[in-house]
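Have a look at the structure below before the remarks.
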Amino acid sequence: EDPGCISVKKIYNYYKKYGYDTVVMGASFRTKEEVLELAGCDKLTIAPKWLKAMEESTDEVPLKLSAENAKDVDVGPKLSLDEKSFRWMLNEDAMATEKLADGIRRFSQDLIKLEKFIKEQM
């Protein structure tokens with residue numbers, strides 16, 4: 001399973017289990033299967049090619065994530081962190097640090113493409 005999907009599932013289940021009022025969003029999918037692995041996540045940014053692939057598919061899409069199911073998932077104890085502890089834990093999680101940086105770079109690149117597209121349409 002994709003490390004990014006594993007990370008989003010962990011984050012989703014933790015926040016939903018402990019009742020945090022937040023929206024969890026998955027992004028930067030490389031395959032249709034990665035998108036489907038997060039079915040039920042609050043928000044997903046999905047590239048047009050994966051939307052088209054899913055539209056053309058007749059496969060069942062089982063719910064993978066839900067706030068209700070998160071209540072039964074073992075996510076460890078509820079954490080209480082100060083900023084220093086949070087930053088240390090984030091730094092220790094290479095997957096989270098690398099995926100976050102990669103996601104921000106890709107969103108920035110896409111924003112530049114979108115701005116260019118809009119200017120060309122004007």
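Everything quoted here is computed from the prediction, not taken from an experiment.
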Determine the minimum heavy-atom distance between Thr45 and Ala27, stating which atoms define it. OG1-CB, 3.0 Å
Distance (rounded to the nearest 0.5 Å) between Ser57 OG and Leu36 CG: 7.0 Å
Does any non-hydrogen side-chain atom of Asp21 lie less than 4.5 Å from one of Tyr15? no
Minimum side-chain heavy-atom gap Leu44-Cys41 below 4.5 Å: yes
So, for Gly40 and Leu63, which heavy atoms are closest and what is the spacing to 0.1 Å? CA-CD1, 3.5 Å
Point-to-point distance, once rounded to the nearest 0.5 Å, from NZ of Lys116 to NZ of Lys113: 10.0 Å
Heavy atoms of other groups near Glu83 CD, more than 12 under 6.0 Å: no
With sequence neighbours left out, the residues meeting salt bridge (charged side-chain N to carboxylate O under 4.0 Å, His left out) with Glu115 are none
Carboxylate-amine/guanidinium proximity below 4.0 Å for Asp102 and Arg106: yes
From Glu33, Lys32, Glu34, residue fulfilling side-chain contact (heavy atoms from CB on, under 4.5 Å) relative to Arg30: Glu34
State whether the side chain of Trp50 and the backbone N or O of Phe29 hold a donor-acceptor pair below 3.5 Å, judged by distance alone. yes
I'd like to know if the side chain of Tyr12 reaches the main chain of Gly26, judged simply by a donor and an acceptor atom lying under 3.5 Å from each other, with no hydrogens or angles considered. no
Is there a path of hydrophobic side-chain contacts, each under 4.5 Å between heavy atoms of I, L, V, M, F, W or Y residues, that connects Tyr20 with Val24? yes
So, for Leu38 and Cys5, which heavy atoms are closest and what is the spacing to 0.1 Å? CD2-O, 3.8 Å
Can you tell me if Thr97 uses its side chain to pair, donor with acceptor, with the backbone of Glu92 under 3.5 Å? no
Do other residues, nucleotides or ligands put more than 12 heavy atoms under 6.0 Å from the CD atom of Gln121? yes
Derivation of the side chain to side chain contact (heavy atoms under 4.5 Å, CB included) call for Met54 and Val35: CA-CA 9 Å; Met54 289 185 292; Val35 176; 3.7 Å; yes
Out of the candidates Thr22, Asp42, Asn69, only one should pair with Lys16 under the side chain to side chain donor-acceptor pair (under 3.5 Å) rule; please name it. Asp42
Would you say CD of Glu55 has more than 12 non-hydrogen atoms from neighbouring residues, nucleotides or ligands within 6.0 angstrom? no
Checking Lys9 against Tyr14: charged group under 6.0 Å from the ring centre and within 45 degrees of the axis? no
Quick check: is Val61 connected to Leu51 through a chain of hydrophobic side chains (ILVMFWY, heavy atoms under 4.5 Å apart)? yes
More than 12 foreign heavy atoms under 6.0 Å from OH of Tyr18: is that the case here? yes
Connected via hydrophobic side-chain network under 4.5 Å: Trp88 and Leu100: no
Determine whether Leu81 and Met89 satisfy the following criterion, side chain to side chain contact (heavy atoms under 4.5 Å, CB included), listing intermediate values before the conclusion. CA-CA 10 Å; Leu81 304 173; Met89 288 180 72; 3.8 Å; yes
Any chance NZ of Lys10 has more than 12 other-residue heavy atoms, nucleotides or ligands included, within less than 6.0 Å? no
OG-CG distance between Ser85 and Leu90, expressed to the nearest 0.5 angstrom: 12.5 Å
Drop me the distance from Thr31's OG1 to Lys49's NZ, to the nearest 0.5 angstrom. 10.0 Å
Side chain to side chain, Lys64 and Pro62, heavy atoms closer than 4.5 Å: yes
Test item: Asp110 side-chain N/O and Ile112 main-chain N/O as donor-acceptor pair under 3.5 Å: no
Find the distance between CD1 (Ile6) and CD (Glu37) and round it off to the nearest 0.5 Å. 9.0 Å
Kindly compute the distance separating CG (Asn13) from CG (Asp72), expressed to the nearest 0.5 Å. 10.0 Å
Take Met25 and Val8, measure what side chain to side chain contact (heavy atoms under 4.5 Å, CB included) needs, and give me the verdict at the end. CA-CA 8 Å; Met25 183 172 77; Val8 172; over 6 Å; no
